[in-house]
Asks: 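To start, I am sharing the structure in question, which I have written as C-alpha cells.
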Amino acid sequence: MTTLVIGARGSVGRQVLDQLLALGEPVRASARTPETADLPAGVPVVAADLTRPQTLPAALDGVRKVFVYATAGMADFAVAARAAGVEHVVVLSSGSVLLPYAHGNAIAEEHRAMERVLAASGLRWTPIRPLVLANNALAWSYSIRTEGVARMLHPEAATAPIHERDVAAAAVAALTGRAESGVSDLLTGGELVSQRRQVELIGEAAGRPVRIEELTEARAQREFERFGSPAAAASIVQFIVAAARGGSPATGTARRILGRPPLPFARWTADHAATFA
Ligand SMILES: NC(=O)c1ccc[n+]([C@@H]2O[C@H](COP(=O)([O-])OP(=O)(O)OC[C@H]3O[C@@H](n4cnc5c(N)ncnc54)[C@H](OP(=O)(O)O)[C@@H]3O)[C@@H](O)[C@H]2O)c1
C-alpha cells in the first residue's frame, strides 16, 4: 500500500513523509524538481507536477494513497489518480473554507475550488483544514534578523497557530486510518496567541529583543503583495481584521485527532529560532 507524498519537501509534506517513515509505511516522495530535493536516503523520489499532467502516471504507478497540496492542476491529478487505482487522497486544504465570513475571500475560494474538484472526482478524499499555520510567522524573519523589527497589522489580533508537525500528524492519521471522524474539522493550535505575544516568544527563542511596528491596512496590503497576488494579500488582511475582532478560534480538533494537546507556539519558536537569530 505505497503512499505517495506529493510536495515532500514542503514544510507540511516533509513532516508527512517523516512521520509515515517512522510508522514503517511504504512511501514514495515527489517534488517538481527531484534532482534538487534533499530527502531522506533510501526513499524513492519521483518527479510530479500537477500542472504537468504527463508527469503523473509514472509518479502514481502502484500507489494506493496520496498526500497532496491544494494546487492548480487538481483536475488532471484526480483523473490520473483514478486511472492509477488510487484509493484515498488526503489534501492539505484550508480551514478558511469553513468560515462563513471568508466567503468570497480569494484564499478560501481557491481551496474551495480544489475541494470541489476532488468531491466530484469519485475518489475517496479527505481534506485537512488548518486555519493558521505557525509558519506564517516566518514572514517576519527577514526584518527581525536584519533590523530587529516585526511589522504587522493589528498586533493584538489573536490566532491559534498550528505547528506544521501537527498538521502533518492529522494528515498521517487520515492516511493510516488512525483518525477519528472529524479529521476535516477546523484545525488549529490549542491556544490563542496575539501577534504581539508571538513576536515576544520569537524574540525569547532567538535571544534578541524585537520591536513591533504597526501597519495600516493599506501598508499591510502592499507588504503581503510581496508574497502573492493582490487578491491573496487582501484575503490575508481580511483574516487579520477578523482575528482582531475575535474571529479566529482555537478548536479541539487537533487534541481529538492526535490524542494529545497540539504543540504550543513556544515549541514552534524553539524549532525555528535559528531562522530569526
Ligand atoms: N498559511 C496558512 O496559514 C495556511 C492556512 C491554511 C492552509 N494553508 C495551506 O498550506 C499550504 C502551505 O503549506 P506548507 O507551508 O507546507 O507549504 P510549502 O512549504 O510552501 O510547500 C508547498 C509544497 O507544494 C508543492 N507544490 C506546489 N505546486 C505544486 C505543483 N504544481 N505540483 C506538485 N507540487 C506542488 C511544492 O512542491 P516542490 O517542492 O516541488 O516545489 C511544495 O512542496 C498553503 O499553500 C495552503 O494551501 C496555509
Side-chain angles (χ1 to χ4, degrees), residues 4-19 28-39 45-56 59-60 66-78 80-81 89-99 102 105-115 118 127-140 157 159-171 184-189 195 198 224 227-229 232-233 235-240 242-243 248 251 253-254 265 268 271-272 275:
L4 173 64
V5 179
I6 297 183
R9 64 173 171 202
S11 298
V12 174
R14 177 56 191 265
Q15 291 290 331
V16 170
L17 182 70
D18 288 351
Q19 291 178 31
R28 184 181 299 166
S30 84
R32 285 175 290 185
T33 51
E35 57 284 3
T36 60
D38 181 19
L39 292 168
V45 185
V46 293
D49 182 340
L50 269 57
T51 62
R52 295 175 57 235
Q54 67 275 21
T55 62
L56 299 176
L60 289 164
V66 178
F67 168 83
V68 67
Y69 282 84
T71 70
M74 192 57 73
D76 287 328
F77 164 75
V89 173
V90 172
V91 61
L92 178 57
S93 183
S94 166
S96 60
V97 303
L98 300 173
L99 296 178
N105 170 303
I107 290 177
E109 292 306 328
E110 251 173 49
H111 287 87
R112 211 172 266 128
M114 301 298 164
E115 291 200 6
L118 288 172
I128 302 299
R129 294 170 170 147
L131 185 56
V132 179
L133 299 185
N135 270 348
N136 290 347
L138 292 173
W140 296 319
T159 61
I162 184 158
H163 197 299
E164 59 274 16
R165 212 180 303 156
D166 284 346
V167 179
S184 299
D185 291 352
L186 191 66
L187 183 66
T188 72
Q195 298 198 94
Q198 289 177 32
F224 290 132
F227 302 101
S229 67
S235 301
I236 299 169
V237 168
Q238 186 194 21
F239 288 133
I240 297 172
S248 195
T251 69
T253 305
F265 189 72
W268 184 90
D271 290 342
H272 295 271
T275 310

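Start at 1 and go down the list; that is how both ligands and their atoms are numbered.
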Asks: Please tabulate protein-ligand N/O pairs under 3.5 Å for ligand 1, atom names and distances to 0.1 Å.
Replies:
residue	atom	partner	partner atom	Å
ligand 1	1 (N)	N136	OD1	2.8
ligand 1	3 (O)	L133	N	2.9
ligand 1	3 (O)	N136	OD1	3.4
ligand 1	3 (O)	N136	ND2	2.8
ligand 1	16 (O)	S11	N	3.2
ligand 1	16 (O)	V12	N	2.8
ligand 1	16 (O)	Y69	OH	2.6
ligand 1	19 (O)	S11	N	2.8
ligand 1	19 (O)	S11	OG	3.3
ligand 1	28 (N)	R32	NH1	3.2
ligand 1	31 (N)	D49	OD1	3.0
ligand 1	32 (N)	L50	N	2.9
ligand 1	39 (O)	R9	NE	2.9
ligand 1	40 (O)	R32	N	2.6
ligand 1	40 (O)	R32	NE	3.3
ligand 1	41 (O)	R32	NE	3.2
ligand 1	41 (O)	R32	NH2	2.7
ligand 1	43 (O)	G7	O	3.3
ligand 1	43 (O)	G10	N	3.1
ligand 1	47 (O)	H111	NE2	2.6

Asks: Q195 and side-chain contact (heavy atoms from CB on, under 4.5 Å): which partner among I240, N136, T159?
Replies: I240

Asks: Output the distance between atom CG (L56) and atom CG (L50), rounded to the nearest 0.5 Å.
Replies: 5.5 Å

Asks: Identify the heavy atoms of L187 and V167 that sit nearest to each other, and give their distance.
Replies: CD2-CA, 4.2 Å

Asks: Quick one: which of L4, L92, I6 gives a side-chain contact (heavy atoms from CB on, under 4.5 Å) with F67?
Replies: L92

Asks: State whether R112 and E115 are salt-bridged, where the test is any N-O pair (Lys NZ or Arg NE/NH1/NH2 against Asp/Glu carboxylate O) under 4.0 Å.
Replies: no

Asks: Under the ring-ring contact (aromatic ring centres under 6.0 Å, His included) test, which residues partner F265, sequence neighbours left out?
Replies: W268

